[in-house]
Student: 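Dropping a structure here in C-alpha cells format, bear with me for questions.
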2 protein chains.
Amino acid sequence: MKSQATSSLPAIQSALRAVGARVTPARVRVLGALRAAPGAQSHAEIEEALAQEAHPAIDRVTLYRVLDWLCTAGLAHKAADARGVFRFSAAQPNVEHAAHVHFRCTGCGGVFCLKAPPPPAPKLPRGFRLAGMAVDIRGECPRCVRSHS
Amino acid sequence: MKSQATSSLPAIQSALRAVGARVTPARVRVLGALRAAPGAQSHAEIEEALAQEAHPAIDRVTLYRVLDWLCTAGLAHKAADARGVFRFSAAQPNVEHAAHVHFRCTGCGGVFCLKAPPPPAPKLPRGFRLAGMAVDIRGECPRCVRSHS
DNA sequence: ATTGCGCATGCAACCGGGTTGCATTTGCGG
DNA sequence: CCGCAAATGCAACCCGGTTGCATGCGCAAT
C-alpha cells in the first residue's frame, strides 16, 4: 500500500494538528484511507478498507463521527450519490475542489472526478445565496458498460 | 401554479394510457400532485399533499411503487437531494428536462429549477457512457436566507 | 513521570427512508 | 358479466445514519 506525499503518515498527522485537533488512530487511519482512495468512498467501502488493515476494526459509529468531523474540519467532503448514500472524499489542498465535474455511475454508484472546464456560474434570481456549484454527469462507467447491466 | 392542460384530469389519464398502463386512482392522484407541485417533491411531501385531498389516504408502499413506476414509465424523474432523500418531479413533455440547472437549498433541502443556459457537456474519458447531466447550485433559498442561520 | 481534564471511542438502542412478501382488490379486455 | 393479471394494502423487514451514555485515551500542565 503505497502512500504518496499527501497521504504519508507525517503529512496526515500534521494535517490533523493543523486544525487544532487531537491526533487519534481512528482519524489518522480514516484520513489515510480517504486520501489513498481513487474517488469518493461510501461509508461501507471505507469500513471495508480499514478492516483489511492489521489494526483493530473501527466502530461503525466512530467512523461516521470521524468522517463528519473531517468534513467540518475542512479535511473531507460529503455528498450524496445517486442512490442517496453519502460518499466522502479527502479535501486535497493541491486540488481545486471549488468547481469541477463529477461523473456518477448509475450502475455501481461510483463517483469519478473529471478534468473538465468549470462552467461559469449562472446568475441566480434575487434573494438566493450561492454557496457552491456542482456539475454531475450521469451515465455508466466503463466497467458497468462492459458488464452490460 | 397553473393546473393547465398538462395537469388536467383527462390529460393525466391519457398520459397514463399512452404508456399502456392501467389507470388507477393512485396513479392519477400522484401524477396530478407531482405536476401541480412547483419543484421536486420528497416522498413525505407528496404523501402530505395527497392526505389533504378528500380521498382515502394512499399507502406508503403504494406511493413508493407508483413513483418508481412513473419513473420507469418516463413520466417522472427521481433524484437524491443533498440530504440523501429521493425527490420526484413530473416529466413535463413541454419542458426540456435534459439539461437545466437546479438550485438546491442547503437549509430546507428544497429544489428549484432555474432558467439558465445549459452549459455544454464536457467530453468524457473513453469508455464512459453519457446518460444525462445536471448542474446543481448549492446555497440557500431566499426564505432560508431570511430566517438567517 | 504523573495527574487530570475533556474529547474521542465503543456499545447498544433507536430512527426514518426505502423495500419485500403475500393476501386481497380492482381495472379492463374478452 | 367473468376472469386474470396488475395494482393495492398491510406488516414485517433491511440498511444507512444518529443518539445517549459509560469508558478510554491524547495531550498538556505539573
Side-chain angles (χ1 to χ4, degrees), chain A residues 9-10 12-31 33 40-51 53 55-73 75-88 108-109 111, chain B residues 9 12-31 33 40-48 50-51 53 55-73 75-76 78-88 109 111:
Chain A
L9 196 83
I12 289 172
Q13 290 174 335
S14 69
L16 291 174
R17 262 184 247 277
V19 297
R22 289 166 60 172
V23 178
T24 67
R27 287 177 178 172
V28 173
R29 291 174 62 199
V30 171
L31 184 53
Q41 302 289 106
S42 69
H43 174 273
E45 289 166 344
I46 299 170
E47 199 167 24
E48 184 184 358
L50 291 176
E53 301 177 357
H55 297 277
I58 293 182
D59 189 75
R60 212 165 62 94
V61 179
T62 301
L63 180 48
Y64 275 114
R65 284 198 271 236
V66 167
L67 286 170
D68 274 341
W69 179 87
L70 286 173
C71 290
T72 61
L75 291 169
H77 296 288
K78 177 186 189 179
D81 68 7
R83 281 194 176 86
V85 179
F86 290 127
R87 286 178 173 271
F88 300 85
C108 62
V111 177
Chain B
L9 195 85
I12 289 172
Q13 290 174 335
S14 69
L16 291 173
R17 262 184 249 278
V19 296
R22 287 166 60 172
V23 178
T24 66
R27 288 178 178 172
V28 172
R29 290 174 63 199
V30 171
L31 185 53
Q41 303 289 107
S42 71
H43 174 274
E45 290 167 343
I46 299 170
E47 199 167 24
E48 185 184 357
L50 291 176
E53 300 177 357
H55 297 277
I58 292 182
D59 188 75
R60 211 166 63 92
V61 178
T62 301
L63 180 49
Y64 275 113
R65 284 199 272 237
V66 167
L67 287 169
D68 272 341
W69 180 88
L70 286 173
C71 290
T72 63
L75 291 168
K78 176 186 189 178
D81 68 8
R83 283 196 179 85
V85 295
F86 291 127
R87 286 179 173 269
F88 300 86
V111 176

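In what follows, chains carry the letters A, B, and so on, assigned in the order in which the sequence lines appear, proteins first and then strands, with residues in each chain numbered from 1. For the numbers below, each heavy atom of this structure counts, side chains included, while hydrogens, waters and symmetry mates do not.
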Student: Identify the 5'-most and 3'-most nucleotides of DNA chain C with at least one atom closer than 4.0 Å to a non-hydrogen atom of chain B.
Tutor: C:dG17 to C:dC28
Student: Applying side-chain hydrogen bond (donor to acceptor under 3.5 Å, both in side chains) between B:R87 and each of B:Q41, B:H43, B:E45, report the one that passes.
Tutor: B:E45
Student: In whole angstroms, how far is the P atom of D:dG17 from the CZ atom of A:R83?
Tutor: 13 Å
Student: Looking across every strand, which nucleic acid part, if any, lies under 4.0 Å from A:A44 by heavy atom: base, sugar-phosphate, or nothing?
Tutor: nothing
Student: Measure the spacing between CD1 of B:I46 and CG of B:L63 and express it to the nearest 0.5 Å.
Tutor: 5.5 Å
Student: Measure the NE2-CG distance between A:H77 and A:L70 for me, rounded to the nearest 0.5 Å.
Tutor: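 If we round to the nearest 0.5 Å, A:H77:NE2 and A:L70:CG are 11.0 Å apart.
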Student: Round to a whole Å and report the spacing from NE2 of B:H55 to P of D:dT8.
Tutor: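 Computing the B:H55:NE2 to D:dT8:P distance gives 15 Å.
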Student: For B:V85, report the nucleic acid contact type (base, sugar-phosphate, nothing); a contact means any heavy atom under 4.0 Å.
Tutor: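 Sugar-phosphate, no base atom in range.
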Student: May I ask you to list the residues of residues 62-71 of chain B, by number, that have any heavy atom positioned under 4.0 Å from an atom of DNA chain D?
Tutor: B:T62, B:R65, B:V66
Student: Could you give the CG-to-P distance, from A:D59 to D:dT23, as a whole number of Å?
Tutor: 16 Å
Student: Among pairs that include at least one residue of residues 58-73 of chain A, which meet salt bridge (charged side-chain N to carboxylate O under 4.0 Å, His left out), considering only residues two or more places apart or in two chains?
Tutor: A:D68-A:K78
Student: Go nucleotide by nucleotide along DNA chain D from the 5' end; which of B:P56 and B:R60 gets its closest nucleotide reached first?
Tutor: B:P56
Student: If you measure from OH on A:Y64 to CZ on A:F86, what distance do you get to the nearest 0.5 Å?
Tutor: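 One finds 9.0 Å between OH of A:Y64 and CZ of A:F86.
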Student: Describe, as an angle rounded to 10 degrees, how the axis at the first end of the helix from C:dA1-D:dT30 to C:dG30-D:dC1 is tilted relative to the axis at the last end, five pairs per end.
Tutor: 30°
Student: Tell me whether the count of non-hydrogen atoms from other residues, nucleotides or ligands lying under 6.0 Å of CD in B:E53 goes above 12.
Tutor: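 Counting neighbours around CD of B:E53, more than 12 heavy atoms of other residues, nucleotides or ligands fall under 6.0 Å, so yes.
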Student: Which pairs would a plain distance check flag for residues 13-26 of chain B, meaning a side-chain donor or acceptor within less than 3.5 Å of a matching protein atom at least two apart in sequence or in another chain?
Tutor:
unit_1: B:S14; atom_1: OG; unit_2: B:P10; atom_2: O; d: 3.3
unit_1: B:S14; atom_1: OG; unit_2: B:A11; atom_2: O; d: 2.9
unit_1: B:T24; atom_1: OG1; unit_2: B:R27; atom_2: N; d: 3.4

Student: If each of B:F86 and A:V61 is mapped to the nucleotide of DNA chain C with the nearest heavy atom, which maps nearer the 5' terminus, i.e. the 5' end?
Tutor: A:V61
Student: Between protein and nucleotides 25-30 of chain D, map the contacts as a letter string: B base, S sugar-phosphate only, - none, heavy atoms under 4.0 Å, written 5' to 3'.
Tutor: BBS---
Student: Determine whether A:I58 and A:E47 satisfy the following criterion, side-chain contact (heavy atoms from CB on, under 4.5 Å), listing intermediate values before the conclusion.
Tutor: CA-CA 8 Å; A:I58 293 182; A:E47 199 167 24; over 6 Å; no
